[in-house]
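Notes for the one structure printed next.
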Amino acid sequence: MAALMTRPGSPELAANRRNIRPGRVMVWTLLFIGGVIMVTPLLYMFSTSLKSAGQVYDLRLIPAAPTLDNYIKVLSDGRFLRWFFNSTLIALCVTLSNVFFDSLVGYTLAKFDFRGRYLVFIAILSTLMIPTEMLVIPWYLMSAQFGWIDTYWGIMFPGMMTAFGTFLMKQFFESVPNDFLEAARVDGLNEFTIWWRIAMPMVVPAISALAIFTFLGNWTAFFWPLIVTNSRELYTLPVGLSSFAVEQSIQWEMIMTGAALATIPTLLVFLVLQRFIVRGVMLAGLKG
Amino acid sequence: MARIELERLVKRYGATTAVHGIDLMVEDGEFVVLVGPSGCGKSTTLRMIAGLEDISDGVLRIGGEVVNQREPKQRNIAMVFQNYAIYPHMTVGQNIGFGLYTSKLSKPEKQARILDAAKVLGLEDLLERRPAALSGGQRQRVAIGRAMVRDPVAFLFDEPLSNLDAQLRAAMRIEIKRLHQRLGTTIVYVTHDQIEAMTMADKIVVMRDGRILQVGSPTELYEHPVDIFTARFIGSPSMNLIEANAAGAEIAVAGQSLQGFKAEHSGPVQIGVRPHDLVVGEAGGGGLSVTGSVTAVEPLGSETLVHLDIAGAQIIATAPGRVVPKVGSQIAAHAEPGALYVFDAANERALGRL
């Protein structure tokens, strides 16, 4: 505020200028370049979505003749809305499931002393070392045997609980002082209510971080939904958009319009949970 | 309200025994303070009473009923923790009301109880505030309020004033004491601060290494400690100890011979004298007189604590507030007859007064 209220050429401003160190200039320049690299594709995506088919290869950022036709076309195509709905439903269900079960298991591992606790924790953590690609075949065989192929449950079940989420929540619950839980115990609450009413509200930043990562991870998931679904009605957005490319000989403007629409929930998640994101990223930094 | 009885209560953690079969009777409406150094088992004992720790052996009765196997909630006791344990996501009113979460009272009845507790504790204007906007003392009052609304048979306090500054601690001591006088509920209070124990307790329980050393009123403990540990733990500054030798009724200490020791003990002993009984100045008739060089002085305003070196032994004497002896000077100090405590040097047990 003080800087804003200072008139140009005033001594305060000159003093501020002198305080700018070369290191800071470097940092800001690098951040600016990073920002440009990140934002440019996004801008091109929106730009292309406003171009007609003929203009797609005209690489100007601001379209010569902007049009909303692509949006009208995509939104009036029932399939797109269906995929959008599928993705939303799946990402929401998986997120809620993760927040619930990962927290429950994390809390148990953090706050209850039982025989084999460490072993259980190591077993859960060790699953982090197995890449998804290795698990896809067992998942598929399992789905086939249970009749889950081409169902919502089939798409969702591998992600309903994650080792990463359990680990994250366990670490966070460990920082909740035992006195809070014991006070509730003396007050007569049962263990489930203590977890829900006392412990959970105290780890909201961790829950937000977990929710953000899970939602985004599932919103953009491609590989498993592609494998486990056959019917177009069950496609998620990424799978649906990729099918656009194959069957219609790559209609870039349509793909970019679909992609632009697909980023809306992501942006919403970021806007709503913005204040938790920095902390969440710091916490989950190990995820890479 | 209820009487709490501990009978040969034991707590083991694997091979380690934290509490060695202690016996204690807390009478109905009594304010009992468990005091001792860190790791003496006082908090473990309190947590066993609360039901937060399993009892390894022995019997715990609350209100005449054995409660060893009962969950904390079934014991109808309330506990106040060192770090207050008030929930940051709830307002003061919600925090106080949380003590009634499982109660079957109607909403207006609950509200009335919350208001009552808030009134007693001076929190009426803060009911809508969050804990983050409260001072340490206010937070502790909220924690006490949460315990109060339940109308429990006993309050358990686990070092509740340790996180407060000295001034606030003194104020809260009086508040808790007044609250006890007003409610008349049984209180078991754990602290490592002997001043808290002395000022608040009806009965003090001195603990060390998982055992009870002595139980008694503050005056009893101050006047008749059973051993050197209790003698030095109770009273501030700690009791001075001077090596001496007893031969029947005569004790040789600091180059003096004191007569009339009734315990008739022979062998090495320790003579204890409280700093407030050892006054700087020339000897009157009888008692203990010592001379030493001043190593440090602590003027406290109302009195001055004078640290003396007497033939290698470091002791503290007191002088009136305006008297501040020079460091390095030689001065005499004197204790009246009857102010000396005699302890067996071998087993550290008290032998009597002199």
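Computed from heavy atoms alone, side chains included, the values below leave out hydrogens, waters and symmetry copies. Below, chains carry the letters A, B, ... as their sequence lines are ordered, and counting in each starts from 1. All figures in this text were calculated on a predicted structure; none of them were measured in a lab.
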By a 4.5 Å heavy-atom criterion (distance strictly below it), what part of B/Arg47 contacts chain A: side chain, backbone, both, or neither? side chain

Please classify the contact between B/Leu156 and chain A as side chain, backbone, both or neither, with a heavy-atom cut-off of under 4.5 Å. neither

Would you say [X] has more than 12 foreign heavy atoms packed within less than 6.0 Å of its [atom1]?
X        : atom1 : answer
B/Gln69  : CD    : no
A/Trp196 : CH2   : no
A/Phe112 : CZ    : yes
A/Phe101 : CZ    : no
B/Asp57  : CG    : yes
A/Tyr118 : OH    : no
A/Leu119 : CG    : no
A/Arg117 : CZ    : yes

Is there side-chain contact between [X] and [Y], with heavy atoms separated by less than 4.5 Å?
X        : Y        : answer
A/Arg185 : B/Lys73  : no
A/Val186 : B/Leu52  : yes
A/Asn190 : B/Glu71  : no
B/Phe98  : A/Asp187 : yes

Between A/Arg197 and B/Tyr87, does any side-chain donor sit less than 3.5 Å from a side-chain acceptor? no

Looking only at non-hydrogen atoms, find the nearest pair between A/Asp179 and B/Ala85 and report the distance. O-CB, 3.7 Å

For A/Thr193 and B/Tyr101, which heavy atoms make the closest approach, and how far apart are they? CG2-OH, 3.5 Å

As a quick check of understanding, evaluate side-chain contact (heavy atoms from CB on, under 4.5 Å) for A/Ile198 and B/Met90, giving each step before the final call. CA-CA 10 Å; A/Ile198 307 297; B/Met90 296 180 194; 4.1 Å; yes

Can you pull the ring-ring contact (aromatic ring centres under 6.0 Å, His included) pairs that have at least one residue in residues 53-81 of chain B, sequence neighbours excluded? none

Greatest number of heavy atom pairs closer than 4.5 Å to chain A - which of [options]:
options                              : value
B/Leu100, B/Asn83, B/Asp158          : B/Asn83
B/Ala50, B/Ser103, B/Ala147, B/Pro88 : B/Pro88
B/Arg146, B/Met79, B/Arg150          : B/Arg150

Any chance you could lay out the side-chain contact (heavy atoms from CB on, under 4.5 Å) test for A/Met202 and B/His89, step after step, and finish with the verdict? CA-CA 7 Å; A/Met202 295 179 82; B/His89 54 282; 4.1 Å; yes

